[in-house]
Amino acid sequence: MITALDIFLVAAALLVLGAGFWVRSAPWRAGRPEDRPGDWSGLLTYLLSHRAILRRGGRGTAHLLAFWGVLIPLAVIILAQFRFLMPSGLSLGLSLLLDILGFLALAGTLFFLGHSVRSSETGGPRRSLPPLLILVFILVTGFLAEGTRLRIDPPEVLWASPVGWLTSSLVPGSPLFMQLMIRSHFFAVLLLVAMLPFTFFRHLAAASLNVVYKNRNPKGALNPTRLGDETPGARTVRDFTWKQLLEAEACVACGRCEAACPASLSGKPLSPRKIMGDILNQMEGSRSRTDDQIPLLEESVSDDEIWSCTTCLACVEQCPVFVEPADKIMDLRRYRVMGRGKIPREAVPLIRNLELYGDAHGKGAAHRLDWVFDREVPVAGDRGSGIPLLLWVGCAAAFHPRIGETGRALLKILQAGGQDFTILGPEEICCGDPARRLGEEALFLELARKNLERFRRYQVREIVTLCPHCYNTLKNEYPRVAADFFPDDGPVPQVFHATEYFLSLLEAKRLAPAFPYKKKVALHDACYLGRINGVLDPPRKLLRSLPGVQLTELERNARDGFCCGGGGGRMWLPEHQGRRINHLRAEEFVRSGAEVLATACPYCLIMLEDGVHSVQAESPPRVADVVELVARSLR
Ligand code: SF4
Ligand code: SF4
């Protein structure tokens with residue numbers, strides 16, 4: 001029997017819930033503006049499938065059970081109020097469903113409770129203890145009330161309430177006890193509803209909103225930052241946009257990002273979970289403070305933390321609620337580099353080379369053709385405009401002696417496939433990836449603008465490149481830069497990675513690998529190719545097409561691949577703390593039992609060659625680019 005007091009209490013709980021969420025969301029709503037289209041239907045798919053959450057075995061399943069085990073009974077309880085209108089079969093079916101789901105919800109909640117207790121020293125999950133305890137109390141009192149009802153008034157059909165039937169043997173047949181359980185159950189539900197915005201369960205709202213507004217741009221494209229008179233990057237939490245701050249609120253501190261982060265795993269002082277927690281703490285602490293009073297982000301996040309990041313985006317890939325710690329780290333770097341002039345000492349020569357010579361190696365335009373000194377290669381300056389296919393060489397192939405070999409293998413394949421290609425030669429400068437990822441946004445824009453001008457001048461239609469970093473920058477970042485600098489132009493050239501391009505030649509039967517290579521080959525997925533740009537099949541298909549090759553996978557592969565340690569400008573920064581990331585990857589390769597480690601990225605090749613030499617100094621196995629293996633198999 002529902003009383004007026006009950007209705008008043010329900011209304012009060014809902015009022016506290018609404019007001020709580022409004023107050024709680026104020027700090028992230030006050031973030032800088034950002035245009036983000038929402039997709040509510042995407043949220044529905046996400047919740048129905050639970051796909052992103054289920055990637056983490058046991059905890060994912062427990063979340064699924066607890067989520068549906070609470071939500072469906074809620075709907076069924078409402079439906080059950082109209083049982084008197086239903087045929088008895090349906091009414092009994094509803095009762096059975098309610099019992100089973102309630103039991104599954106209890107199992108899922110107890111699993112999470114156990115996990116929270118076990119990991120309470122790690123920070124995040126401890127916050128979930130009070131609401132989980134209340135949820136267990138709600139479910140248990142619900143079953144006890146049902147058991148008492150069945151004991152007092154045994155039904156004709158027992159199968160419709162199996163859990164209630166079991167509990168009926170444990171409880172007294174007392175109407176007073178039943179009332180006590182019902183009221184306790186009811187008050188606990190109201191308490192949980194009213195507490196929701198102030199407990200860990202608020203992630204139900206914040207994480208759902210984050211799913212609605214998740215990033216739908218290409219994963220590898222960094223957002224531009226403010227330049228000129230404004231503070232670049234993030235000095236305090238107020239420099240983040242509302243979406244970036246919402247992510248801090250949505251983070252459930254599950255630690256999946258940390259478990260996949262190469263910096264964390266190699267003992268560096270970086271945890272993407274901690275970064276999100278620091279931002280959340282500062283956001284909560286900034287509520288009633290003026291801009292002058294709020295703490296600087298660098299008081300919570302050290303230089304060592306932000307410079308440990310390889311921008312591999314493993315954290316982004318793993319996050320079940322689409323939080324992106326890496327873009328916060330990039331904004332922290334940008335402020336320290338451009339706002340404070342603080343850049344690691346070892347990165348200074350690289351930046352100077354890019355500024356003075358336009359390449360990462362400091363060799364300059366006069367040496368851009370050294371890698372092909374003995375070959376006839378068409379150069380744009382000689383050919384003039386109207387270039388159907390530009391071979392974007394990249395600084396590594398042009399200047400690094402080992403990668404020069406890969407570049408020449410690439411030439412061999414293009415020529416074998418009868419392709420009409422051209423290079424920019426002395427007019428090519430760095431695409432700007434290292435500058436941008438080291439926080440030098442203005443330098444990146446300058447390099448990008450110059451390259452885009454050349455693409456326009458020579459009317460380049462398609463680009464093929466060896467380097468996934470160049471590929472990502474040209475394909476995903478240049479379109480936005482071009483739209484800002486040359487708004488009246490048409491689309492920028494279409495960009496292909498060499499493995500994509502060569503696979504299309506192979507499928508068109510323009511390449512015919514013939515010489516056998518009888519080796520067991522393991523493929524290392526470059527982060528900027530596989531995880532970030534989804535180019536997973538082309539290198540595998542190319543390797544499988546080579547006669548004699550036995551392709552094997554490393555423990556961590558494809559989208560879950562492990563970084564070589566060279567991204568995010570880390571190629572130029574020695575690792576002073578923890579173990580070296582390339583050594584960890586090389587050990588994984590040695591464990592695989594493969595004879596050759598193949599990759600499709602100059603950075604990975606350099607890092608992994610160094611890694612396997614350190615791990616197996618006696619007879620280090622071969623590390624090769626997929627392009628080199630394809631080229632050696634051609635007649
Ligand atoms: S960022 Fe995502 S993966 Fe990392 S702790 Fe937060 S919710 Fe978990
Ligand atoms: S981008 Fe990679 S290195 Fe950086 S925090 Fe994420 S997982 Fe760690």
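The residues of the chain are indexed from 1 along the displayed sequence. Both ligands and their constituent atoms are indexed starting at 1 by order of listing.
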Identify, for [atom], the protein heavy atom at the shortest distance, and state residue, atom and that distance.
atom: atom 2 (Fe) of ligand 1; answer: C319 SG, 2.3 Å
atom: atom 7 (S) of ligand 1; answer: V252 N, 3.4 Å
atom: atom 6 (Fe) of ligand 1; answer: C251 SG, 2.3 Å

Using a distance-only test with no angle check, is there a side-chain donor-acceptor pair under 3.5 angstrom linking [X] and [Y]?
X: N472; Y: D433; result: no
X: Y478; Y: N451; result: yes
X: S300; Y: Q282; result: yes
X: H63; Y: H50; result: yes
X: S302; Y: E305; result: yes

Below 4.0 Å, non-hydrogen atoms only: which portion of V323 touches ligand 1? Side chain, backbone, both or neither. side chain
Beyond-backbone contact of Y335 with I306, side-chain heavy atoms, under 4.5 angstrom: no
Check whether any side-chain heavy atom of V316 lies under 4.5 Å from a side-chain heavy atom of N215, and answer yes or no. no
Closest to atom 4 (Fe) of ligand 1 by heavy-atom distance, out of A248, A253, C257, A250, is C257
With a cut-off of 6.0 Å (strictly less than), are more than 12 heavy atoms of other residues, nucleotides or ligands near CZ of R32? yes
More than 12 heavy atoms from other groups under 6.0 Å of CZ on R345: no
Distances under 2.8 Å only: what protein N/O/S atoms are near atom 4 (Fe) of ligand 2, ordered by chain and residue? C309 SG
Can you list the atoms of ligand 1 that are under 4.0 Å from a heavy atom of C254? 3 (S), 5 (S), 7 (S), 8 (Fe)
